[in-house]
Structures are given as C-alpha cells and as structure tokens.
Amino acid sequence: MTRLLSKGQADLLRLLAQIPLLDRLEMAALAGRSRGGVYESAARLEDAGLIDSVPHGTPLLAPTRRYYLTEPGVKALAVAEVRPLGRLLREYPLSLRFRRTLLERLDAAAVIYRLASALAGLDHPLDFRWRRALPQDADVCLPDWRVLAMVRQGGTAERAGFAKRLWRLAQGPRPSAVLVMVPDEVRLRQAVVLLRDARTPTAPVPAFFALERHVAAAGAGDAIWRPSAGAALSLAEVVGRANPGGMTAAEPLLVRVSIPKDIDLSGGSDEIPDHLLPVLLRPAEKRALDLLADWPWLTRNDLAGLLDVSLPRVSQFTVALERLGLATGFQLDARRLALTDRGLKLLARRDRVSTGEARQRWSVSRENDGGIVSGRRSRQLLRDLEHTAAVHRFVAALNRQAKGLGWDVEQLDPPHRASRYFRHYGGPRALHPDAFGTLRRDDLLRPFFLEYERRAVRPATMAQRLAPYLRYYSSHRPTDDHGHRPLVLVVFDDPVAPTHFLEVARREMLRVRVPLPLLVSHRELLEREGPLGPAWLEPGGNFKPVEPLHHYQ
C-alpha cells in the first residue's frame, strides 16, 4: 500500500499523525506546501481510504472539515516508518484514548491550530506536540530550538483552577515564551497578574496574552499579543522576544494503547458518544450551550435576546440540545432551561476543568416527586428566581437594543464571573454584582456593573449596598481591572426608590470622598425605554439616555 504513495502523500499522513484533525488550509501552512498540492494529496488519500474527515465549526471559526488517519492509514504509516504499530500509537496522538481527548477539546484545538498555522508562516518546519495532562495545551518547537508553550483558558474555567494551571506551568521546565489565550479583557488582565505571581524571579520567561477571538481571526502580522506591560505586539514580534533555547516537559507515554476505529456519525441521538458531540453540534448550538452555562434558568425569550435571533430559531436550537440530552427544561414561573450533566461534561472537557466540580456547582435534575435537585450555584439562582429572571431580562434587552444602536456587546458576564476581589486597608474585600458587561462602539468603550435591587428600600440597607463599591472605587483597581472606570447601574422594582437611593449615595460619596459613576433606574421605566434609552437618573441630574456617555471615563 505504501508503494502507491507519493512523498507528498506520505508526508501528509505523517503530519496528520503528529497533529490530528487539521483542516486542509492548516495542513498547507504546517506542511509548507501550496494549497493546491495539499488539496490534491488529501483527495487521493481520502479516495484510498487512508484518511477521512469530520465536519466542524465553532462560534469563532467558520465550518470546515477536519481530517484524521483511518485504521488503514495508521497501519500504512507504521509500514512506511518501519516501526511497530504499538510504538507508533504511543509516540503520536493516534490511540483511541488520545483521539477521544482531542475530539473533546476540538473547539479549543481549532484555535490553537490557527495559531500554529500562523507560526508556521514565520518559521518552518515546526515541531508541534499536544499535551494531554500537562498545564499547557501544546508546545511548539521552532527550528532554532526555541519552545513556545500554548495555554488556553476556557470560557467555563474558574479563576482558581486556571491559577493552579499557571502555577504548575511556572514550576516546570521553562519554555522560551508562553502564549496565553483568554476569552475576554477582564480575564486577560487577571491572567497577567496570575502568571506574574506564579513565576519565580530567577530565569523569567516572557509571557504574551491575547483574546481567543483575535487569535482565531488574526495573522502573524496583526498586533494582538500583549506583554505583561507595554504596547501590543504581532506574532512575529513575539517570536523575536522569546528567550533563546527552551525546554519541554516530558509527558509519560500511554501504557495501554489501541488503534481507534473510524468515526461513525450515522447513529441516532441516543447512540452518539460524548466525544463526538463537538463535531455534530452547529456553531449556533454551541453558542446557546455557552449562554446556558453562563445564565442557568433562561427562558427561550431571553435566550433569543442574548443570541439576537428569532424565537422560532431558538426553539430549533433548544429542541436539538434537549434531544441530545445536553439541556433540559423545567416549568417554573415559565419554562426555563438549564444544562444537563451531559452538557456540563461537554463544556468541562473542552475547557480542561473538573467535571465533578462543574456538577457540584451547576448540576440540575428532577426528583421523583417533580422537585429539582441542583448544584449549589444553580440552587442559589433558583432560590430567588424573581431576581434571577429580572437580571436575565435586563441583559437580553440590553443585547437586543445595543445592536440596533450600533454598539457591540463585547462582554457580558454572569454573577459568578462578575465578582471582583481586592484589598482595602490591608483586608480582603469583594464585590458581587449581578452582572458585568462591556459595550463598544468604534473607539468608545463602556464597561458597567449591574445591581438589581428588590430589598434595599431602607436608607441603612441602601448604604450597605453602596459600601463595597465605595471601597472598590477608592482605589485604582477599577481602572486596573478594566482599563476604564466602569459605570455602576442600579435598578429597582419600586419607581420611588431611585430618588431615595441617589440621596443616600450622595451623602455616602461626600462622607468618604469617593465619587461613583452611578446611574439608577427602575423596572417599569426600563421596560418602556430599554437599557440604552432615556431611563436613567444620575446624582444631581435628570433622567437622561445612557447611550451617549461621552463624559464618563
């Protein structure tokens, strides 16, 4: 069989053994060949039954087809390289166990492959190595022996867990540089601090940080990578700043290996194994899963607002997710959706977080008597469902209205990610808003905290609600965390409460001499005008629209 292969076809088999599930554009970049040559070789290998492909798309990357070695292809490569099949399966990520791991992480792998392709355009050939259990996701060794460690923080990764990964990375063999990909600006700033604190002062390793969505779309010349301090750099400049030399960590080879069977996507919903879900779900369904992970107990109307699509379209997504056992609905005050344990497992495996911890926090299930058993965070949201529903309505309405007014909603964080931890007069303090978001229009950036208040009706209670914000804004932390001082949006149910609250706020700000960028409104007015309409009262002012906030810095 191998005598029928050209050198280009044999090299392509070897490339797919070293880096499985590449698409053809990534193959061309990493092989250093023309697109036409790679397309022709891939077609011949596919016709010969040595490679096959699966569909794949994410919210960040357009749908494509990703290729892998079939069982005959693995055997053909073993013959071509004159090495035992078992050794081939241990040295390359080809075994059944490794393939399942890569398929589970495929959404993350796709962005890492784009980064590796951009690196290949700068220097060739690259030695790319997937890491199964090490803190980094992958290592890339350049021709001059510099080693770049790639680390991705997933959307569902908790700060503490990611900090532990960075600490483990800093304690191991030192690469030439670390490339860290994060979901949003706030976590980018947090990652800079976490890695700086984790590194030892001797032999420092340069680290560079970028938003995952920028990595997915950028080329080697785009200035998207930020060092710990200073201006953003292009990938070419990052490579130039990497330390000479570098070490890679040794990962134990798998003891038990078996050759995987070819991937079969023809089974019904009940027969689909978990590791094949990333190739079967469409990008919009994955986006819906991420939103349900962020905002459990969403109604379909609010999910439609967050996705900015029609209600019938959302119904299609949710029916598909429920059919696959990834989401489920509960009839509460309305029909509300939450992820199942299978859905939580899918996202946890993608983001390299503990499945058990995800279930402890977010699991939901029905009891025999119709009640709901839930994880501690889901239970907390369910305990005050009226408050949870109000926050959901606000963020969904904000997302819809922002698009119509030319704003991009760059970030919209649920309560568990909106919290901020800081020190005040030497003691640990925390801020726990109901949401955090960032709006952008051209160069105008508007971060904000949201507080939805239903119980703060007495002056003493209002002062207690303000106290964490006054502590937080008395320091430089708001600007350090967000690049700007975020607005503090406070919403009441009672239409009379905003004026009382503003008077309390005025007195408290004067007392501690800390100005707050505060705007206050109430539910009825927001439902009529929308979150970006003329629905807000500021201290000492009149109701005014939030949209032209040029004087808030």
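No experiment lies behind these values; they were computed from the predicted model shown. Just so you know, residue 1 is the first one in the sequence shown, and it goes up from there.
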Taking T70 for the side chain and G49 for the main chain, is one N or O donor matched with an acceptor at less than 3.5 Å? yes
Just wondering, do V178 and P206 contact through their side chains at under 4.5 Å, heavy atoms? no
The single option from R131, R129, R165 that satisfies salt bridge (Lys or Arg N to Asp or Glu O under 4.0 Å) with D137 is R165
Apply salt bridge (charged side-chain N to carboxylate O under 4.0 Å, His left out) to residues D290 and R350 and explain how you reach the verdict. CA-CA 11 Å; D290 281 327; R350 178 198 67 185; 3.1 Å; yes
Are L277 and R342 packed together at the side-chain level, in the sense that at least one heavy-atom pair is separated by less than 4.5 angstrom? yes
Counting only pairs under 3.5 Å, give me each side-chain donor-acceptor contact of residues 248-258, with atom names and distances, residues two or more places apart or in other chains.
| from | atom 1 | to | atom 2 | distance (Å) |
| --- | --- | --- | --- | --- |
| E251 | OE1 | R132 | N | 3.2 |
| E251 | OE2 | R132 | N | 2.9 |
| E251 | OE2 | A133 | N | 2.5 |

How far does CG of L281 sit from CG of L321, to the nearest 0.5 angstrom? 6.5 Å
Given the rule in the side chain to side chain contact (heavy atoms under 4.5 Å, CB included) test, do L346 and E104 qualify, once you have shown the distances and angles that lead to the verdict? CA-CA 7 Å; L346 173 67; E104 289 169 343; over 6 Å; no
R420 vs H482, side chain to side chain donor-acceptor pair (under 3.5 Å): CA-CA, chis, key distance, verdict: CA-CA 11 Å; R420 302 289 181 265; H482 314 101; 3.0 Å; yes
In sequence, state the C-alpha distance, the side-chain angles, and the governing distance for K75 and L77, and then conclude on side chain to side chain contact (heavy atoms under 4.5 Å, CB included). CA-CA 5 Å; K75 294 176 179 178; L77 182 62; over 6 Å; no
Separation between CZ of R241 and CH2 of W225, rounded to the nearest 0.5 Å: 14.5 Å
Return all side-chain donor-acceptor pairs below 3.5 angstrom for residues 35-42, not counting sequence neighbours, or 'none' if the list is empty.
| from | atom 1 | to | atom 2 | distance (Å) |
| --- | --- | --- | --- | --- |
| S41 | OG | R33 | NH2 | 3.0 |
| S41 | OG | G37 | O | 3.1 |

Hey, could you give me the OH/CD1 distance between Y68 and I51, rounded to the nearest 0.5 Å? 10.0 Å
Can you confirm whether V364 sits close enough to T340 that some side-chain heavy atom of one is under 4.5 Å from a side-chain heavy atom of the other? no
I'd like to know whether the aromatic ring centres of W362 and H416 sit less than 6.0 Å apart in this structure. yes
Go through the steps to decide whether E185 and R226 satisfy the test salt bridge (charged side-chain N to carboxylate O under 4.0 Å, His left out), and finish with yes or no. CA-CA 11 Å; E185 288 281 353; R226 291 176 238 178; 2.8 Å; yes
Heavy-atom nearest pair, I112 first then M181, reads CG1-CE, 4.1 Å
Do D52 and E46 have side chains that approach each other closer than 4.5 Å (heavy atoms only, starting at C-beta)? yes
Among side-chain atoms of Q9 and D11, is any donor-acceptor pair under 3.5 angstrom? no
Test of understanding: with side-chain hydrogen bond (donor to acceptor under 3.5 Å, both in side chains), list the residues that count as partners of R440, not counting sequence neighbours. E410
Using side-chain heavy atoms (C-beta onward) and a distance below 4.5 Å, is L307 in contact with F317? yes
Could you go through L326 and L339, starting from their C-alpha distance and side-chain angles, then the distance that decides it, and tell me whether this counts as side chain to side chain contact (heavy atoms under 4.5 Å, CB included)? CA-CA 6 Å; L326 299 171; L339 293 185; 5.6 Å; no
Is the shortest side-chain heavy-atom distance between L398 and L412 below 4.5 Å? yes
Report the distance from atom CG of L16 to atom CG of L12, rounding to the nearest 0.5 Å. 5.0 Å
Please answer whether the main-chain N or O of G219 pairs with a side-chain N or O of D222 as donor and acceptor at a distance below 3.5 Å. yes
Yes or no on salt bridge (charged side-chain N to carboxylate O under 4.0 Å, His left out) for R377 and E158, after CA distance, side-chain angles and deciding distance? CA-CA 13 Å; R377 289 186 179 172; E158 299 279 340; 2.7 Å; yes
Please check if any side-chain donor atom of R313 sits under 3.5 Å from a side-chain acceptor atom of Q316, or the reverse. yes
So, the side chain of K286 versus the backbone of P278: is there a donor-acceptor pair under 3.5 Å, distance only? yes
Can you name the nearest heavy-atom pair linking A232 to A223, along with the distance? CB-O, 3.6 Å
On a heavy-atom basis, which atom in G57 and which in D107 lie closest, and how many Å separate them? O-OD1, 4.4 Å
For K403, does the NZ atom sit with more than 12 other heavy atoms under 6.0 Å from it, leaving out its own atoms? yes
Looking at A120 and L126, what are the two nearest heavy atoms and their distance? N-CD1, 3.6 Å
Distance from R417 atom CZ to T156 atom OG1, nearest 0.5 Å? 8.5 Å
Determine whether a donor-acceptor pair (N or O, by modelled atom type, separation under 3.5 Å) exists between the side chain of D184 and the backbone of V186. yes
Between the side chains of T318 and R300, is a donor N or O closer than 3.5 angstrom to an acceptor N or O? yes
May I ask you to test the L13-L50 pair for a side-chain heavy-atom distance under 4.5 Å? yes
Locate the shortest heavy-atom distance separating T355 from A348; write the atom from each residue and the value. OG1-CB, 3.8 Å
All pairs passing side-chain hydrogen bond (donor to acceptor under 3.5 Å, both in side chains) where residues 85-95 contributes a residue, at least two apart: E81-Y92, R83-E91, R87-E91
With sequence neighbours excluded, what pairs up with S117 under the side-chain hydrogen bond (donor to acceptor under 3.5 Å, both in side chains) test? none
Does D274 come within less than 4.0 Å of K345, counting only side-chain N to carboxylate O? yes
For N399 and G305, indicate whether the former's side chain and the latter's backbone hold a donor-acceptor pair under 3.5 Å. yes
When you measure from the centre of the six-membered ring of F162, is the NZ or CZ of R187 under 6.0 Å away and within 45° of the axis? no
salt_bridge(R114, D23) N-O dist < 4.0 Å: yes
Can a donor-acceptor pair be found, under 3.5 Å and without considering hydrogens, that links the side chain of N243 to the backbone of P204? yes
Output for pair (S354 OG, R349 CZ), nearest 0.5 Å, gives 9.5 Å
Residue pair L30 / Q18, side-chain heavy-atom distance below 4.5 Å: no
Check D480 with R189, please: is the shortest side-chain N to carboxylate O separation under 4.0 Å? no
Y113 versus L21, closest heavy-atom pair with distance: CE1-O, 3.4 Å
Name every donor-acceptor pair, under 3.5 Å, that has one atom in a side chain of residues 142-153 and the other anywhere in the protein, sequence neighbours excluded.
| from | atom 1 | to | atom 2 | distance (Å) |
| --- | --- | --- | --- | --- |
| D144 | OD1 | R146 | N | 3.2 |
| D144 | OD1 | R146 | NE | 3.3 |
| D144 | OD2 | R146 | NE | 2.7 |
| D144 | OD2 | R146 | NH2 | 2.8 |
| R146 | NH1 | V239 | O | 2.6 |
| R152 | NE | E212 | OE2 | 2.7 |
| R152 | NH1 | D351 | OD1 | 3.1 |
| R152 | NH2 | D351 | OD1 | 3.3 |

